[in-house]
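Computed over heavy atoms, backbone and side chain alike; hydrogens, waters and symmetry mates excluded. Note on naming: letters A, B, ... go to the chains in the order of the sequence lines (proteins, then strands), and numbering restarts at 1 for each one.
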Number of protein chains: 2
Amino acid sequence: MKKREDSQIIYKAALSVFSRFGYKKTTMEDIAGELGMTKGNLYLYARNKKSLYRDTISWGLRRWQSRVALAVEKENDLRLKFEVLCHKAIDYLSRDRELHRLMAKDPGIFPMFPDKDPFESINLDSIAMIRDILEQGIREKAFRTVDTHQISQVIFLIYKVFIIEAYIRGKEEEYNQMLSETLGLMTQGLFIPPAP
Amino acid sequence: MKKREDSQIIYKAALSVFSRFGYKKTTMEDIAGELGMTKGNLYLYARNKKSLYRDTISWGLRRWQSRVALAVEKENDLRLKFEVLCHKAIDYLSRDRELHRLMAKDPGIFPMFPDKDPFESINLDSIAMIRDILEQGIREKAFRTVDTHQISQVIFLIYKVFIIEAYIRGKEEEYNQMLSETLGLMTQGLFIPPAP
DNA sequence: AAATGAACAAATTGTTTATTTGTTCATTTA
DNA sequence: TAAATGAACAAATAAACAATTTGTTCATTT
């Protein structure tokens, strides 16, 4: 096996098997089998089962994140950037079956209330992405002035609720519709400004 | 023990003990002790441990709910009703130490994502309360027209996130401040309406 | 009528054994 | 010589059983 594409191949196979059986039920032999090798040999490519699991998930989450970032970059209007961010995050995950099945099998990957978030750095980057858009929008006077530190976290929380309900708990249809309605609430607000 | 105030006294004692030790660790003897009776006698007032636990929680949750409803009724302006609803729900719980300690000990009481909500009817009433305010506000042209069925549920979800973070997971300070900011976002919206 | 405490059943916990599975490494293969 | 193997071993998991606790009932007492 050639050294450069190794990790890609390993992660792909590991994600496939882990997403089918979950962490506990997959054995190192299963993954080795998927790769056409023996479990002893797999240890040339993975320190141990736990780190292989962790790295596989990181790989999957980063791929998700980069796809969203790419879609956002394509837009110019800040309002559209914000809406694309919200929609694309859901949209990508609905297509990456293996990733969201694995997330459904292990709620610890994307926990609503993490004690110690195992993928904290990835999620902090996502929050930073939201915050950047907020700050730019405020600077360009497209957005109302809000506490970007707090609101970016709140938006991430709400986004988590939707991701978990829709793709981890399998209520895709109900929540896709609700997402648009919620986006409307967040962007337009509930109150009608009193006439002057 | 007189028949009429019985349940009040029983629930008060049970809540006190359950909130200290949690369901598993409290024994019927503990609760009987708190009431100055023996565990055998406690069975004149409670079917069994599980139903006593359930009824005690229902009693605590209904008390919480009625306090919020009362505060909302006092306001006339729909915008204020909405804001009071959100603030009072948090405010009451911060004061009812026993209730929120018990909720912290047993996340199944107020689950973020219930499979089968043990206190569904209570929570449905809360959602109905939100919905009523939304519908009145829309009728009076104080609120923008939104899908009240969906938005009342979304607001309840967001409110759950805050309750859980602040009082079940014990991050009271951080989230109290965040709540106001979030209320602002929901009521005013993020986007600045384009000038005509 | 309300309360007790002994009696019993049900559930929980602790302990040990058996089995599986993760990990290493001396040896083989290409 | 780097990559792969499979036997060997250790660590974790599951199964089986005994010991203990605790929920629940009920004949008897206050």
Atom [atom1] of [X] to atom [atom2] of [N]: distance rounded to whole Å?
{"X": "B/Glu29", "N": "C/dT4", "atom1": "CD", "atom2": "C1'", "result": "12 Å"}
{"X": "B/Leu44", "N": "D/dG23", "atom1": "CG", "atom2": "C1'", "result": "15 Å"}
{"X": "A/Phe21", "N": "C/dT21", "atom1": "CZ", "atom2": "P", "result": "12 Å"}
{"X": "A/Lys49", "N": "C/dT20", "atom1": "NZ", "atom2": "P", "result": "15 Å"}
{"X": "A/Ile31", "N": "C/dT21", "atom1": "CD1", "atom2": "P", "result": "13 Å"}
{"X": "B/Leu42", "N": "D/dT22", "atom1": "CG", "atom2": "P", "result": "16 Å"}
{"X": "A/Met28", "N": "D/dA11", "atom1": "CE", "atom2": "C1'", "result": "15 Å"}
{"X": "B/Leu35", "N": "C/dA2", "atom1": "CG", "atom2": "P", "result": "15 Å"}

With each end axis built from five pairs of C1' atoms, what bend angle do you get for the helix from C/dA1-D/dT30 to C/dA30-D/dT1? Round to 10°.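 The helix from C/dA1-D/dT30 to C/dA30-D/dT1 shows an end-to-end axis angle of 40°.
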Closer to the 5' end of DNA chain C via nearest nucleotide, is it A/Arg47 or B/Lys25?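 Nearest nucleotide further toward 5': that of B/Lys25.
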Using heavy atoms to find the nearest nucleotide of DNA chain C for A/Lys24 and A/Asn41 separately, return the residue whose nucleotide is more 5′.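 Here A/Lys24 is the residue nearer the 5' end.
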Is there a donor N/O on one and an acceptor N/O on the other, under 3.5 Å, for the side chain of A/Lys39 and the base of D/dG6?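 Counting by modelled atom types and ignoring angles, no donor-acceptor contact under 3.5 Å is found here.
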Taking only the side-chain nitrogens and oxygens of A/Tyr45, find out if one of them lies under 4.0 Å from OP1 or OP2 of D/dA4.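 Answer is yes, contact under 4.0 Å.
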In Å, rounded to the nearest 0.5 Å, how long is the span from OG of A/Ser16 to CD of A/Glu98?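 Between A/Ser16 OG and A/Glu98 CD, I get 4.5 Å after rounding to 0.5 Å.
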Distance, nearest 0.5 Å, that separates CG of A/Leu15 from CG of A/Leu52: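 Answer rounded to 0.5 Å: 10.5 Å.
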Nearest to the side chain of A/Tyr43, heavy atoms from C-beta on, is which of D/dT24, C/dG22, C/dT4?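 So the side chain of A/Tyr43 is nearest to C/dG22.
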Establish, for the pair [X] and [Y], whether the NZ or CZ atom is under 6.0 angstrom from the six-membered ring centre and no further than 45 degrees off its axis.
{"X": "A/Arg169", "Y": "B/Phe113", "result": "no"}
{"X": "A/Arg63", "Y": "A/Trp59", "result": "yes"}
{"X": "B/Lys49", "Y": "B/Tyr23", "result": "yes"}

Test of ring centre spacing under 6.0 Å for A/Phe156 and A/Tyr159: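 Close enough - the centres of the two rings lie under 6.0 Å apart.
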Please check: side-chain N/O of A/Arg79 versus main-chain N/O of A/Thr187, any donor-acceptor pairing under 3.5 Å?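 Answer holds: no.
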